[in-house]
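Residue numbers count from 1 along this sequence.
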Amino acid sequence: MSTKRVLVIAGSDSSGGAGLEADQRVLAAHGCYALTATTGLTAQNTLGVQDIFVVPPQFVKKQIIAGLEDVGADVVKLGMLSSAETIDAIVEALTIYKVPYLVLDPVMVSTSGARLLPEKAVKVLRTKLLPIATVLTPNIPEAQLLLQDAGIDSSEPEDLAGMVQLAKQVCCLGPRAVLLKGGHIPLTKEHKRALNPEEATAVVDILYDGETNVTKFFETGYLISKNTHGTGCSLASAIAANLALGQDMKRAVRNAVRFVEAGIRTSSDLGKGSGPINHFHSIYTMPFAPGRFIEYMLDRPDVQKLWERFTHHDFVKGLGKGTLPLERFKEYLVQDYLYLVQFARSNALASYKSHNMESIAASARIILHIQREMSLHLDYCASFGLSKEEIESHPETLACTAYSRYILDIGQSEDWLALQMALAPCLIGYGAIAKRLYEDKGSLREGNHYWKWIENYVADDYVEAVEIGSALLEDHVHKVSPSRMEELIKIFIRATELEISFWAMGLSEKI
C-alpha cells in the first residue's frame, strides 16, 4: 500500500500538546506521512497561551504550494488559521491544487471560552472554507459562533435533540458533513444536559451528513481528566488520517473518536495545567532497527555473558589450540551426530509449521545441509576410528537428550518462530565459533586433529545455512510485539544454556 499523505495547515504549539505537534503525532500513529504549513507560532504551556506570532499569509501559501506541487496530499487538515488574510491565501492555494478531502477544525473558541479568531476571519472562514470542507468539526461554542456570524439564531442545546438541531443548522452553511463535538455539554443517562459532574454519564459527538441527511451518534463515557489539551486537533487529524487510509466517513469518525477517548484514558500528567493526551496508546516500537535483531539480542546484558560462555567455552578453546583430549572429542562427535538427527527432525517440524513456500523451502535447504554435514561428520568420525554403527548404537547422554528434546518440545508446543529461536544458538553459534577460531592467529592449524571440524563450519554451505536462518529470524521477529520478543529471547537463552551443557559434557568423564 502506498504511503498516505496528509497536509496539515495549522499553528504550532510550543508545549507540544496541540497544533502541528499533536497533528504530526496522530498522523504518525496512523501510519500516514505529514506535510505541514505553519500559520502561527505560539508561546504556550499547559497553563495557557502567552503570545502568538502570525506567519505572513503569503508565506503560508508558499508552504502549501511547495508541499502540494511536490509530495502532494490525499487529505488536507485545517486547524488554527490566525487571520482573514491567512484564510484567503489558503483558499487561493487549495483552488490551484485539488485535494479529495478537506477536514476543517474551526479553531475559534478554546475549551476555556477564549476567542481565538478575529471576527473578520470568522466571516471569511464561513464564506470561503466551509463550502469546500468535506467535514467540519466544531465544538458547540464554535458552532454557535458560525451561526451567529451568518445571522442565524440558535439556542443553547439542552439535550441530544438540541445538539442534533445545531449540527444540522451548521451543515446548512456549506460543508458536506458536520461532526459536532459534545464535550462542552456532558449528558445524563436520559441524554439531557447534565447540571453537574455527578449527573454526567456520557459525551456524544454527532455526525450529520448533509448529502444523505443521515445522523450518526458516537457516545463515550464521561471522563474526568485534566489531560484534554489538543483533543480537537487530535480528533480532526485522526479523521483526516482515516479518510486518507480509505475509510468511509462514518468509520473514519468513529475510529477517530475512539482514538481520542483512549488517548485521554491512558494519558499521564505533564505540566501544571491541562496536559496532552497519549497519542501512542495503540502502537509500539521495537528496540532494534529492521535487520538488526540478532545484533541487538547478542548485545543484551542477559544474553551477552551467556553467549560469551558458550562461544568461548574451554571446550572451544581446546579445539582451536588442538589441546582438547582426543577421547573427549570422540565422545563429543558421537553425541553431536545423535543431536544432529534431532536437529534435522526439528527443522522438518519447522517446515511443517511454516505458512509460506519461502519458509518451507528455507527449512528444507537447512535439512539438506544437515544431511551433508552428517555425511561429512561420519567421514570425519571414521578418521578417529568411529563407525556409523558404533555411533548410532551409542546411548545419548543426558545433556544431548535434554537439549534435543527441549527443541522438539518447543516445536510441538510453540509456533514456527519459537522453534527457530530454539534452533538459533546452534546454527548461529557454531558458525560464529568456527569463524573466530579460523581467523584467530593463535589457533593451531598444522597437526591440529580438530582443524577439519573448524573448516566444516566456515565452509560455504554452512555459511549459507546461517545466512538463511538469520534472515528468516530477522524478517519474522520484526513483526512481533515487544512482549513476544521477550518470550522468544528467553527461549534463545535456555537453548544457549543447553548448548553450554553440551560443551561441558565434552569435558566430563565418559558416561
If you apply the rule side chain to side chain contact (heavy atoms under 4.5 Å, CB included), what do you find for Val303 with Phe492, and how did you get there? CA-CA 9 Å; Val303 177; Phe492 183 89; 4.0 Å; yes

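- The neighbour count for Tyr101 OH, taken as heavy atoms of other residues, nucleotides or ligands under 6.0 Å away, does not exceed 12.
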- Evaluate the criterion side chain to side chain contact (heavy atoms under 4.5 Å, CB included) for residue pair Val257 and Leu235; output intermediate values, then yes/no. CA-CA 6 Å; Val257 169; Leu235 179 64; 4.0 Å; yes

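- Scanning both residues, Gly162 and Pro157, for their nearest heavy atoms gives C-CB, 3.8 Å.
- Between the side chain of His476 and the main chain of Leu472, a donor-acceptor pair closer than 3.5 Å is present.
- A salt bridge links Glu156 with Arg193; the closest basic N to acidic carboxylate O contact falls under 4.0 Å.
- A salt bridge is defined here as a Lys NZ or Arg NE, NH1 or NH2 lying under 4.0 Å from an Asp or Glu carboxylate O, and Glu295 with Arg292 meets this definition.
- When atom types are taken as modelled, the side chain of Gln148 and the backbone of Asp153 share no donor-acceptor pair closer than 3.5 angstrom.
- From Cys172, atom SG reaches atom CG of Leu130 across 11.5 Å, with rounding to the nearest 0.5 Å.
- Using a cut-off of 4.0 Å between Lys/Arg side-chain N and Asp/Glu carboxylate O, Glu486 and Arg300 are scored as salt-bridged.
- Under a cut-off of 6.0 angstrom, the local environment of CZ in Phe217 is crowded, with over 12 non-hydrogen atoms contributed by other residues, nucleotides or ligands.
- In this structure, Thr137 and Ala236 approach most closely via the heavy-atom pair OG1-CB, 4.0 Å.
- A donor-acceptor pair is defined here as one N or O able to donate and one able to accept, closer than 3.5 Å; such a pair exists between the side chain of Ser14 and the backbone of Gln44.
- Side-chain N/O atoms of Thr86 and Ser83 include a donor and acceptor closer than 3.5 Å.
- Judged by distance alone, with hydrogens and angles left aside, the side-chain atoms of Gln304 form no donor-acceptor pair with the main-chain N or O of Asp302 at under 3.5 Å.
- Of the possible polar contacts, one joining the Thr39 side chain to the Ala10 backbone as a donor-acceptor pair under 3.5 Å is found.
- At least one side-chain heavy atom of Val135 sits less than 4.5 Å from a side-chain heavy atom of Ile239.
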Q | Residue pair His184, Glu142: steps toward the side chain to side chain donor-acceptor pair (under 3.5 Å) verdict | A | CA-CA 11 Å; His184 282 76; Glu142 288 165 343; over 6 Å; no

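- Here the CD1-CD1 distance, from Ile90 to Ile64, works out to 5.0 Å after rounding to the nearest 0.5 Å.
- Interatomic distance, OG1 of Thr496 versus CD1 of Ile491, reported as 11.5 Å (0.5 Å rounding).
- The closest donor-acceptor contact from the side chain of Thr46 to the backbone of Gly273 lies under 3.5 Å.
- Side chains of Met108 and Val122 form a contact here, defined as non-hydrogen atoms less than 4.5 Å apart.
- Atom NZ of Lys62 has 12 or fewer neighbouring heavy atoms from other residues, nucleotides or ligands inside a 6.0 Å radius.
- If you take CD on Gln420 and OG on Ser470, they are separated by 10.5 Å, rounding to the nearest 0.5 Å.
- Looking at Leu166 and Ser154, their side chains come closer than 4.5 Å, going by heavy atoms from C-beta outward.
- The minimum heavy-atom distance linking Val99 with Ala73 is given by the pair CG1-O, 3.7 Å.
- Inter-residue side-chain proximity for Pro106 and Leu136 is flagged as met; some heavy-atom pair is nearer than 4.5 Å.
- Atom CD of Gln247 is separated from atom CZ of Arg254 by 8.0 Å, given to the nearest 0.5 angstrom.
- By the 4.0 Å N-to-carboxylate-O rule, Glu92 lies close enough to Lys61 to be salt-bridged with it.
- Side-chain atoms of Glu69 and Tyr97, non-hydrogen and from C-beta on, do get closer than 4.5 Å to each other.
- Closest of all the heavy-atom pairs between Ile224 and Tyr222 is CG1-CE2, 3.7 Å.
- The minimum heavy-atom distance between Leu27 and Ser237, with the atom names listed, is CD2-O, 3.7 Å.
- Residues in residues 263-285 take part in these salt bridge (charged side-chain N to carboxylate O under 4.0 Å, His left out) pairs, two or more places apart or across chains: Glu261-Arg265.
- Between Lys181 and Asp205, no side-chain nitrogen of the basic residue sits less than 4.0 Å from a carboxylate oxygen of the acidic one, so the salt-bridge criterion is not met.
- The residues Glu21 and Arg25 are annotated as not salt-bridged, no charged nitrogen and carboxylate oxygen being separated by less than 4.0 angstrom.
- Around the CG atom of Asn196, the shell of radius 6.0 Å holds more than 12 heavy atoms that belong to other residues, nucleotides or ligands.
- Side chains of Leu102 and Val75 form no contact here, defined as non-hydrogen atoms less than 4.5 Å apart.
- Without hydrogens or angle criteria, Asp149 side chain to Leu145 main chain gives no donor-acceptor distance under 3.5 Å.
- Checking side-chain atoms of Ser267 against main-chain N and O of Ile264 turns up a donor-acceptor pair under 3.5 Å.
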Exercise for the section: Any chance you could lay out the side chain to side chain contact (heavy atoms under 4.5 Å, CB included) test for Leu41 and Ile52, step after step, and finish with the verdict? Expected result: CA-CA 6 Å; Leu41 306 173; Ile52 299 176; over 6 Å; no

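- Salt-bridge check for Arg484 with Glu487: passed, with a basic side-chain N closer than 4.0 Å to an acidic carboxylate O.
- A pairwise comparison of heavy atoms in Asn227 and Ile277 identifies O-CG2, 3.5 Å as the closest pair.
- Counting heavy atoms from C-beta outward, Leu78 and Leu129 have side chains that approach closer than 4.5 Å.
- In this structure, Arg258 places its CZ atom where more than 12 heavy-atom neighbours from other residues, nucleotides or ligands lie under 6.0 Å away.
- Within 6.0 Å of OH in Tyr296 there are more than 12 heavy atoms belonging to other residues, nucleotides or ligands.
- At least one side-chain heavy atom of Ile185 sits less than 4.5 Å from a side-chain heavy atom of Leu187.
- Here CH2 of Trp307 is found 6.0 Å from CD1 of Ile428. Values are rounded to the nearest 0.5 Å.
- Within a 6.0 Å radius of CZ in Phe280, more than 12 heavy atoms belonging to other residues, nucleotides or ligands are found.
- Side-chain atoms of Arg5 come within 3.5 Å of backbone atoms of Val71 as a donor-acceptor pair (strictly under, hydrogens ignored).
- Considering only residues two or more places apart in sequence or on other chains, Ser481 meets the side chain to side chain donor-acceptor pair (under 3.5 Å) condition with Ser483.
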- Task: Walk me through it: do Val103 and Val76 pass the test side chain to side chain contact (heavy atoms under 4.5 Å, CB included)?
- Result: CA-CA 6 Å; Val103 179; Val76 170; over 6 Å; no

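- Aromatic ring pairs are classed by plane angle as parallel below 30°, tilted from 30° to 60° and perpendicular above 60°; the pair Phe259 and His30 is tilted.
- A distance-only check finds no donor-acceptor pair linking the side chain of Thr36 to the backbone of Thr38 [under 3.5 Å].
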